[in-house]
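Inspection log for the structure reproduced underneath, given as structure tokens.
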Number of protein chains: 2
Amino acid sequence: MTQENLQERMRSLDISPSVTRLRIYEYMDERRDHPTVDQIYKALAPELPTLSKTTVYNVLSLFVEKGLVDAINTDVNEKRYETSRDDHAHFTCKVCGKIYDIPPIQTSYTEGSLQGFQVLKQQVNLCGICPTCLENKKE
Amino acid sequence: MTQENLQERMRSLDISPSVTRLRIYEYMDERRDHPTVDQIYKALAPELPTLSKTTVYNVLSLFVEKGLVDAINTDVNEKRYETSRDDHAHFTCKVCGKIYDIPPIQTSYTEGSLQGFQVLKQQVNLCGICPTCLENKKE
DNA sequence: GTCCTTGCAAAGCGTTTGCACAGAA
DNA sequence: TTCTGTGCAAACGCTTTGCAAGGAC
């Protein structure tokens, strides 16, 4: 996404595209590694010298509220975030802590099984050991 | 499950069945409302006057480690727990905060799609508004 | 005696809140 | 001026840790 497109997208979501907000979104969309608040803060602090963690919290909660970013629930206490994109699931490696994007699964909640519930969001999280860590264990 | 069966089950999992541990498990298995540490503590404090939150934390982490109890990841910061049972998914109401057990969905992760990953746990969490809260909103 | 369960107190840490300053409109 | 974005400092709340007392074996 170009800077112009991103600014337009933000405006359409009622988010005024400040420099800080643009950089936080760009960073998340480039890396796609489900960063924590702390990781975003540490990564951007050098180029945005006055950045504070409070601002990262503020920006992320605004993004989540407006639907630009999703919060991921994992086994760890620290929340993780990702830019909204096509449906997919997550795999968390309990050894290295890395989160992998994996293909979505077909949901089979039909009218009958969840009658009366208004579903707004769905998350599928697998937990286990990733190929890399499995390989390291062998050696 | 009878007291005797529970004690046997604990012993088979290498958990010595103390009074505190038995009561915490029984409470969770009776209620099945995915309680927080605080809820368990407050509910059992009257009958176990010397109970402390630290003990609840200790017991729960032991239970999770031994596979007697599962920890649930939800949108809220506070962790929730449930006694291990058949595969199912969760629906969290963002209005009242209640967690509902819902039918499981068929997973379609075949060899090809997740090759090399060792999957130990899977969680499906839906988020939205429950029938009761939807009804209340209308009025 | 040793080992284990329990629990008080304190620390740890991610997150939120209060509030104020600066820049934009 | 008013509104908005930002950020320091403090508070908050869940969880973990250190450590000691009591009981089981």
Side-chain angles (χ1 to χ4, degrees), chain A residues 6-7 10-11 13-27 34-66 68-82 92 94 97 99, chain B residues 6-7 10-11 13-27 34-66 68-81 92 97 99:
Chain A
L6 178 53
Q7 294 194 21
M10 284 195 182
R11 286 208 187 82
L13 290 172
D14 209 28
I15 301 169
S16 82
S18 72
V19 173
T20 307
R21 288 171 179 170
L22 288 168
R23 270 310 283 138
I24 289 179
Y25 184 89
E26 280 176 349
Y27 172 78
H34 323 88
T36 63
V37 165
D38 195 62
Q39 286 169 341
I40 297 171
Y41 170 72
K42 289 205 172 108
L44 298 183
E47 58 179 288
L48 301 172
T50 68
L51 184 67
S52 77
K53 267 194 192 179
T54 303
T55 298
V56 180
Y57 278 107
N58 287 337
V59 170
L60 284 178
S61 69
L62 176 71
F63 283 177
V64 170
E65 183 196 325
K66 300 297 187 182
L68 196 60
V69 156
D70 291 321
I72 309 173
N73 305 130
T74 67
D75 283 330
V76 273
N77 359 3
E78 229 171 338
K79 261 191 201 134
R80 289 171 167 275
Y81 298 88
E82 68 181 353
T92 305
K94 64 189 300 183
I99 297 181
Chain B
L6 179 53
Q7 294 193 22
M10 283 194 183
R11 286 209 186 83
L13 291 171
D14 209 29
I15 301 170
S16 83
S18 71
V19 173
T20 307
R21 287 171 179 170
L22 288 168
R23 272 310 284 137
I24 289 178
Y25 184 89
E26 280 175 350
Y27 172 78
H34 323 88
T36 64
V37 165
D38 196 61
Q39 286 169 340
I40 297 171
Y41 169 71
K42 289 203 172 108
L44 298 183
E47 57 178 289
L48 302 172
T50 67
L51 184 66
S52 77
K53 267 195 192 177
T54 304
T55 299
V56 180
Y57 278 108
N58 286 338
V59 170
L60 284 177
S61 67
L62 177 71
F63 283 177
V64 170
E65 182 195 328
K66 301 294 188 183
L68 196 60
V69 156
D70 291 320
I72 309 173
N73 305 130
T74 67
D75 282 330
V76 273
N77 1 1
E78 227 170 340
K79 262 192 201 133
R80 289 170 168 274
Y81 297 88
T92 306
I99 297 181

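Lettering of chains follows the sequences in order, A, B, ..., and the numbering in each one begins at 1. All values below come from the heavy atoms of this structure, side chains included, with hydrogens, waters and symmetry mates left out.
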Here's a test of your reading of the structure: between A:Arg80 and B:Ser18, which maps to the more 5' nucleotide of DNA chain C? B:Ser18

From the options [options], select the nucleotide whose nearest atom is closest to the side chain of [X].
{"X": "B:Thr54", "options": "C:dG7, D:dG5, D:dG7", "answer": "C:dG7"}
{"X": "A:Tyr57", "options": "C:dT15, D:dG7, C:dT6", "answer": "C:dT15"}
{"X": "A:Val59", "options": "C:dT15, D:dT6, D:dT15", "answer": "D:dT6"}
{"X": "A:Thr50", "options": "D:dG7, D:dT15, C:dG7", "answer": "D:dG7"}
{"X": "A:Arg21", "options": "C:dT6, C:dG14, D:dT6", "answer": "D:dT6"}
{"X": "B:Ser52", "options": "C:dG7, D:dT6, D:dG7", "answer": "C:dG7"}
{"X": "B:Val37", "options": "D:dG7, C:dG7, D:dT15", "answer": "D:dT15"}

Could you state the atom-to-atom distance from [atom1] of [X] to [atom2] of [N] in whole Å?
{"X": "B:Phe63", "N": "C:dT5", "atom1": "CZ", "atom2": "P", "value": "11 Å"}
{"X": "A:Lys79", "N": "C:dC13", "atom1": "NZ", "atom2": "P", "value": "19 Å"}
{"X": "B:Arg23", "N": "C:dT6", "atom1": "CZ", "atom2": "P", "value": "14 Å"}
{"X": "A:Leu48", "N": "D:dG5", "atom1": "CG", "atom2": "C1'", "value": "13 Å"}
{"X": "B:Lys53", "N": "D:dT16", "atom1": "NZ", "atom2": "C1'", "value": "13 Å"}
{"X": "B:Asn73", "N": "D:dT15", "atom1": "CG", "atom2": "P", "value": "12 Å"}
{"X": "A:Glu78", "N": "D:dC14", "atom1": "CD", "atom2": "C1'", "value": "14 Å"}
{"X": "A:Leu51", "N": "C:dA22", "atom1": "CG", "atom2": "C1'", "value": "16 Å"}

Side-chain donor or acceptor of A:Glu47 paired with backbone N/O of A:Leu44 under 3.5 Å: no

Whether the side chain of A:Asn73 engages the backbone of B:Asn73 through a donor-acceptor N/O pair (distance < 3.5 Å, no angle test) should be reported. no

Could you check B:Tyr25 against B:Leu6 for side chain to side chain contact (heavy atoms under 4.5 Å, CB included), going step by step and ending with a plain yes or no? CA-CA 9 Å; B:Tyr25 184 89; B:Leu6 179 53; 3.5 Å; yes

Does any donor-acceptor pair link the side chain of B:Ser16 with the base of D:dA24 at a separation under 3.5 Å? no

Sugar-phosphate, base or nothing in reach of A:Thr20, heavy atoms under 4.0 Å: sugar-phosphate

Which pair of non-hydrogen atoms, one from B:Pro17 and one from B:Leu22, has the smallest distance, and what is that distance? O-CD1, 3.7 Å

Quick one: closest heavy-atom pair of B:Thr36 and B:Arg80, and the distance? CG2-CG, 4.0 Å

